[in-house]
Amino acid sequence: MNIPAQYDPSLTEDKWYAHWLEAGHFHSTPDDREPYTVVIPPPNVTGVLHMGHMLNNTIQDVLVRRARMQGKNACWVPGTDHASIATEAKVVRRLRDKGIKKSDLSRDEFLGHAWEWTHEHGGIILEQLKKLGASCDWNRTRFTMDEGYYKGVIDTFVEFHEKGLIYRGVRMVNWDPVALTALSDEEVIHTEEHGKLYYVRYAVLGEEDRWITVATTRPETIMGDTAICVHPDDERYKDLVGKKAVVPVVNREVPIIADDYIDLEFGTGCLKVTPAHDMNDYELGQKHGLPTIDTINADGTMSAEAGSYEGMDRFECRKKFPEELERLGNLVKVEDYTNKVGRSERTNAVIEPRLSLQWFLAMEELSKPALEAVMNDTVQFHPPKFKNSYRHWMENVKDWCISRQLWWGHQIPAWFYGVGEDEYVVARTEAEALEQARAKTGNAGLTMDDLRQDEDVMDTWFSSWIWPIQVFDGLHKEDEVAYYYPTNDLVTAPEIMFFWVARMIISGYHFRGEAPFKNVYYTGIVRDKKGRKMSKSLGNSPDPIDLMKEYGADGVRVGMLLTSPAGNDLPFDDKLCEQGRNFANKIWNASRLVQGWEVDEAKAQPEAAATAVAWMEARSQQAMEELDAQFAGFRLSEALMTTYRLVWEEYCSWYLESIKPPFGEPIDGATKKATLVLFERMLKLLHPFMPFLTEEVWHWTSERKGFEDDLCVASWPERSAFDRDLLDQIELAKEIVTGIRNIRNDNGIANKEKLELKVQAGDGYPVHLEAWIAHLTNLSGVEHVTEKVKGAFGFVLGTHRFSVPFGDGFDIDAERAKVQKDLEYQQGFLRSVRGKLSNEKFVSGAPEQVVENERKKEADALAKIAVLEEKLADLS
RNA sequence: GGGCAUUUAGCUCAGCUGGUUAGAGCGCUACCUUGACAUGGUAGAGGUCACUGGUUCGAGUCCAGUAUUGCCCA
């Protein structure tokens, strides 16, 4: 076989992905096996793959592929999210580019455009995931607005409404004046921004030249003031409480009230209370029975209540209004000020707290079992540090505003039959709604034309929170959900712990009485080299598809996982993918080597090879033991590193070098056979991380007859007892090898030149490994001696002493310096050990085992020092 | 402002219940090319474990404080 020296992923990846699909390896149906289920965090339907997806889905695929090989019925359910606000914003933008305004369209016309966009761009991201090798069950692909799913969302709404948990209410909400919709708290991003703090004085009614001064960052809301508030203990203003102040410009008389909410230190200690435009003021207003005057329209312009400013943008008004205050003598001073400003996650518009009538879901009772489940580890968080913030949020959970003033999404199934805000019914279908409305009104003549459905849609998360149930149509039928639910592992970003994870656990308990998954693995944020979050606007995110073209999907997968412990940010660097690609190439070449060996069945197995086989057998078992622990703890980076070192360092650098026959010679049958067994084990361990390359070379190692022989569905290697003593002995033998190589290196002795080794063996010297050592270091022979060897390079390991007789012209000074350095190290070591042993308290206080250990170290160090001193004397 | 984390080699990270003068990968340095792979091999250098105090026979590991960086919440 003529195989190129370099691995070319483009020749294998598409081929094997198509092969796996054809074989149906990723498709799952319920059977007798233990299920292993993962539901994908559904990406936005019109999104494209970014580095965050790459990380997230690589992790999921590693877990799923490993489970599949372990004989579980692995089911990874893919799908997409309709992403109400994000998608609608994109559609609006596209229509605007075509010169169409959303307001010129009917709801149905707009939805037509949105569906068109969805069909055009939807699913691109799923195709991209296939390039990554994601082993999803594509037959199960769901969309949060496909027919069955839509129905599930509506049913959920109706059920909670029937239980009295969904209600309508006037609340202060986060209003996005650009998207013209309410947002949940989680969709608002707070950042520090520079602004100004305006000091404005209000005349106190009935007192000559008495003023009360407030500090505000939002002077444009002054016209909506309905009180001035001071702290009840504030001596400065005590006598003013109960009096009235006059709001400048609009000349409204408002009460001066007292409340301990006020921060004495902030500004002047006086607060203007504007219940219509500030969350806290609203609560103060409720508490003190203040009127609410709304001076800002939904689109962010000033309302009729703002008098001559009507129609002016709120930020323009913020500039103009203080000018009028100054003319009137009410503006005291203006300071520069930095404060937190909330902006819409989607449109970046400054959020306007706004009173509006919205739909809410009462959360307090619902969330209790979900809090409990995480705190008692029924649902385990990885890493567990996230339990803290989860608890904090769940203990302070607020009612969920689930309505959005958008068109793209699940329309709220409420129909109004009258003009009053309470004159509505909630139903699964129009027919049901009509029936209910007739019953409620007693008017049997009511028709659909008399009903008007609520214009709003539901928050996107109100559909994705039932994802682990409804991807199996679990709200409507039991067959599949009973088998696959609860799912096993969820892999997601901590940013959406509240949006999504917490709510899935809540809905899981509500609908199925148990949590939707057992483990939640939180990935970190992918950052660039400078530590910045990767984002489209910064343009610092590489295109994953380009990366996969350059380094291969396997290379990128390895790159993503190399430095990403759970919950830690991933400082991404192309270098990591390069490392992954190099690793792929290494495996490729190791395969080439093994593949190329001719076998001579008559040839006896060399002792060195037999040793190597026994050692590699034990070493790979030991690595599998480590891997199991690492996977159990979701320490995937460590698991990858364990596999990486096992394959590269131990299998390639030590094992293959140990068994390699001399150039041009065949290998003996026993060694070749054992090597193939070991190599297949390596491929299995590698497969979850590097599926394409491993599947390719898997098919070289032996004849594969059908789909069932694919590595993708091969059985995970079985654990068995292994020879730990041999592993320890080999570690010592490796040090001997290194010692001899060092002598060659330091003295410029070529590898071809045979050397003689003389050994003064101490206790536990691994004499049976000598053939192996000799093979790796090209020795002419090993001689055991009892006397010290003169005229030789030497090194000491434990109580064993090794010498290599000098050849011609060696550097005696360099050798002496080396011995001297070693001696100093040993003397320092001895001092530290003796420091402990001479400490009365250590000897009496520390456990016997520990003291014993120190005594042994002391003895070893003394022996080594004696040898080194002797050696030094020889050299002088 | 409140809460939670972080701080160990040039970089990215391990180091579990305190007990080898601290480990890995990458990078770096030296040497090595007819031989699986230079996307490689062999070897090497590199750390007062953020700082200050404390507990202990013994602290990277526990406690307190300070500083640092980051995240979440208000």
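Naming convention: chains lettered A, B, ... in sequence-line order (proteins, then strands); numbering from 1 in each chain.
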Q.
Using the rule side chain to side chain contact (heavy atoms under 4.5 Å, CB included), only one of Asn56(A), Leu55(A), Val62(A) pairs with Ile59(A); which is it?
A. Leu55(A)
Q.
One pair to check against side chain to side chain contact (heavy atoms under 4.5 Å, CB included): Ile3(A) and Trp588(A). What are the steps and the verdict?
A. CA-CA 10 Å; Ile3(A) 307 165; Trp588(A) 176 263; 3.3 Å; yes
Q. Would you call the rings of Tyr651(A) and Phe679(A) parallel, tilted or perpendicular, where under 30° means parallel and over 60° means perpendicular?
A. parallel
(Q) Please check if the number of heavy atoms outside Glu395(A) that lie under 6.0 Å from its CD is greater than 12. (A) yes
Q.
Would you say Lys387(A) places a side-chain N or O within less than 4.0 Å of OP1 or OP2 belonging to C72(B)?
A. no
I'd like a table of atom pairs between the protein and nucleotides 44-50 of chain B - only N or O on both sides, under 3.5 Å - with the distance next to each one.
none

Q: Answer yes or no: are there more than 12 heavy-atom neighbours, outside Asp546(A) itself, under 6.0 Å from its atom CG?
A: yes
Q: Show your reasoning for whether side chain to side chain contact (heavy atoms under 4.5 Å, CB included) applies to Leu757(A) and Val804(A).
A: CA-CA 5 Å; Leu757(A) 181 69; Val804(A) 175; 4.0 Å; yes
(Q) With ring pair (Phe, Tyr, Trp, His ring centres under 6.0 Å) as the test, pick out the partner of Phe386(A) among Tyr522(A), Trp393(A), Phe381(A). (A) Tyr522(A)
Q) Whole-Å distance between C57(B) P and Glu854(A) CD? A) 16 Å
Q: Rounded to the nearest angstrom, tell me the gap between atom CZ in Arg527(A) and atom C1' in U6(B).
A: 13 Å
Q.
Walk me through whether Arg581(A) and Asn585(A) qualify under side chain to side chain contact (heavy atoms under 4.5 Å, CB included).
A. CA-CA 6 Å; Arg581(A) 179 204 59 184; Asn585(A) 199 55; 5.7 Å; no
Q) Where do Lys673(A) and Val599(A) land on the side chain to side chain contact (heavy atoms under 4.5 Å, CB included) test, with the steps shown first? A) CA-CA 9 Å; Lys673(A) 205 173 145 203; Val599(A) 179; over 6 Å; no
Q. How close or far is atom P of G70(B) from atom OH of Tyr522(A), stated in whole angstroms?
A. 23 Å
Q) When the C1' atoms of A9(B) and G70(B) are considered, how many whole Å apart are they? A) 23 Å
Q. What is the distance from CD of Glu735(A) to C1' of U42(B), rounded to the nearest Å?
A. 16 Å
(Q) Taking A5(B) as the reference, what is the distance to G41(B) when you measure between their C1' atoms (whole Å, please)? (A) 42 Å
Q. Given the C1' atoms of G40(B) and U33(B), what is the spacing between them in whole Å?
A. 10 Å
Q: Using a 4.0 Å heavy-atom cut-off, write out nucleotides 24-36 of chain B from 5' to 3' as B (base contacted by protein), S (sugar-phosphate only) or - (no contact).
A: SSS--------BB
Q.
Measuring only the P atom in each nucleotide, how far is G27(B) from U17(B)? A whole number of Å is fine.
A. 33 Å
Q.
Could you tell me how far G65(B) sits from A22(B) if I compare only their P atoms? Round to whole Å.
A. 30 Å
Q | First encountered from the 5' end of RNA chain B, between Arg581(A) and Val843(A) | A | Arg581(A)
Q. Which nucleotide sits closest to the side chain of Lys385(A): C72(B), U39(B), A5(B)?
A. A5(B)
Q) Between the side chains of Tyr7(A) and Thr12(A), is a donor N or O closer than 3.5 angstrom to an acceptor N or O? A) yes
(Q) Please tell me if Arg741(A) has a side-chain N or O lying less than 4.0 Å from either OP1 or OP2 of A43(B). (A) yes
Q) When the distance from CG of Asn396(A) to P of G2(B) is rounded to whole Å, what number comes out? A) 16 Å
Q: Please identify each residue that fulfils side chain to side chain contact (heavy atoms under 4.5 Å, CB included) with Glu625(A), with sequence neighbours left out.
A: Arg719(A), Phe722(A), Arg724(A)
Q: Give the dot-bracket string for RNA chain B, reading 5' to 3', where a pair is Watson-Crick or G-U wobble with both distances under 3.5 Å, ( ) marks pairs inside the strand, [ ] marks pairs crossing earlier ones, | marks a partner on another strand, and . marks unpaired.
A: (((((.(..((((.....[...)))).(((((.......))))).....(((((..]....)))))).))))).
Q) To the nearest angstrom, how far is Phe499(A) atom CZ from C73(B) atom C1'? A) 14 Å
Strictly under 3.5 Å: I want the nitrogen or oxygen pairs between protein and nucleotides 59-62 of chain B, one per line.
none

Q) In whole Å, what separates the C1' atom of U20(B) from that of A74(B)? A) 49 Å
Q | Inter-nucleotide P distance (U61(B), G53(B)), Å rounded | A | 14 Å
Q: Figure out the CG/C1' separation between Asn585(A) and G40(B), and round it to whole Å.
A: 9 Å
Q.
Just the rounded figure in Å: distance from C1' of G3(B) to CD of Glu395(A).
A. 12 Å
Q | side chain to side chain contact (heavy atoms under 4.5 Å, CB included) partners of Asn778(A), counting only residues at least two apart | A | Arg744(A), Lys754(A)
Q: Assess the side chains of Arg619(A) and Gln622(A): does a donor N or O sit below 3.5 Å from an acceptor N or O?
A: yes
Q. Charged N to carboxylate O below 4.0 Å: is that the case for Lys734(A) and Glu650(A)?
A. yes
(Q) Using atom C1' in both nucleotides, what's the gap between G19(B) and A59(B) to the nearest angstrom? (A) 10 Å
Q: Kindly give the heavy-atom pair with the smallest separation between Ile865(A) and Gln826(A), and that separation in Å.
A: CG1-CB, 3.7 Å
Q) When the nearest nucleotide of RNA chain B is assigned to Gln827(A) and to Ile525(A) on a heavy-atom basis, which residue is associated with the more 5' position? A) Gln827(A)
